[in-house]
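Ligands are counted one by one from 1 in listed order, and the atoms in each one are counted from 1 as well.
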Amino acid sequence: MTKAAAIRAVKGFRDVLPDESRRWQAIENAAVATFVRYGFGEIRLPILERTELFARSLGESTDVVEKEMYTFVDRDETSVTLRPEATASVVRAYLESGLAQSDPTAQLFYRGPMFRRERPQKGRYRQFYQIGAEVLGREDALADAELLVMLARLLETVQARGVRLELNSVGDAACRPAYTETLRAFGRAHLAQLCGDCHRRLERNPLRLFDCKVETCRAVLADAPMILDALCDPCRTHLAQVRALLDVCGVTYGMNPRLVRGLDYYVRTAFELVAEGLGAQNAVGGGGRYDGLVAALGGPAVAGVGFALGLERLASVSEVAVDEAGPAAIVLPLDAGGVAPALRLATRLRDEGLTVNLEPSGRSLKALLRVADRRRARLAIIVGEDELQQGRATVRDLTRHVDRRHALALDAPGPELARSVRAFLETLA
Ligand SMILES: [Zn+2]
Ligand SMILES: [Zn+2]
């Protein structure tokens, strides 16, 4: 028989192994604990949505919708898409579940994988993970500020190093159209210095000029008119309130007048978390206010504000403490006869809250102890023929390699066993 070829993961997809996911768990646990303290509840969303949801929420002409979505026709002819982000799903669920009527001021958080078919490059994957939170039904500046305070606290908790908060206001329907025209006029006056993409942006959505990475375009835009100078009074007041509330809580941030969002439903508050030392892809997360989105998805005129964090990037700047300790004990049955007593012993210790590994029998004690070292266990509990005859297992201190012969009564009740093992652990170096 020929050997079957191994199957590899799809290009741009990868596995997250325990050493890495331990760090992710620490971050996710910190996020969940923080969000719950601020009154948020978790929403678990489907990964698959109707394509239309993203076409409407992200805009037909955005890069994500045009080039990066995993879209396919399901067997019933429905066009479906692997979600490229979660805000649209949160809003859809908010409307579909009736929360919009029963609890219009919902505070929801989510976590999970998102999918974008971006060009593969180092450190970027087509399945990536986000943690995010959304506040629906709140127009007041307090909602924006509280969300940002929560975000700042989370970053402190996970010890995210070198991450700064950048803030801006992108105006609203009252003041942005006039600003957009001013920006368009500015762009037209500098047409010769702008790249082809910017020529298109200029006609379709001049705010996107600020997204251009071309050096010459950036130089031109350094002198462009800024939206902060064009805000109407209500937008100006909203921003001033957000800033005052952030100051009250000692949240530090910088204003970035070039921070814009291209879609019409984004209003007022926009923010980004930028990490030093991550290169061009330096945004750890971002968010803002999207008062028009709920209506755009067929709901009532309900305001919203939220953020999303990239878990991979957050993990790369986080110095959160991760428990790297091995199991408290590893149970080693030497022969087939020791298997059942070993399982019973390990189970009772686990029932008492101890982390215990169990190895199969059939290897020499020497080989089993090598395994115990590799697993970084602190104690080995040896169940050999001699031990079975005595009804007492031998406990080996793996930090000093000292045996205590027949130290653990195999038939003792679970709590007593656990007490003995914990007493041994306390004597370790
Ligand atoms: Zn350009
Ligand atoms: Zn305005």
- Message: Strictly below 4.0 Å, N to O, side chains only: are R200 and D197 in salt-bridge contact?
- Response: yes
- Task: Locate the shortest heavy-atom distance separating L194 from H199; write the atom from each residue and the value.
- Result: O-NE2, 3.1 Å
- Item | SG (C212) - the Zn ion (ligand 1) - SG (C195) angle, nearest 10° | 110°
- Message: Looking only at side-chain N and O atoms, does E96 offer a donor or acceptor that is under 3.5 Å from a partner on Y94?
- Response: no
- Item | Total protein N/O/S atoms whose distance from the Zn ion (ligand 2) is less than 2.8 Å | 4
- Message: Please determine whether a side-chain nitrogen of the Lys or Arg among R422 and E352 lies less than 4.0 Å from a carboxylate oxygen of the Asp or Glu.
- Response: no
- Just checking, any donor-acceptor pair under 3.5 angstrom between side chains of H238 and D172? no
- Item | Partner of Y179 under side-chain contact (heavy atoms from CB on, under 4.5 Å), chosen from L207, L231, D229 | L207
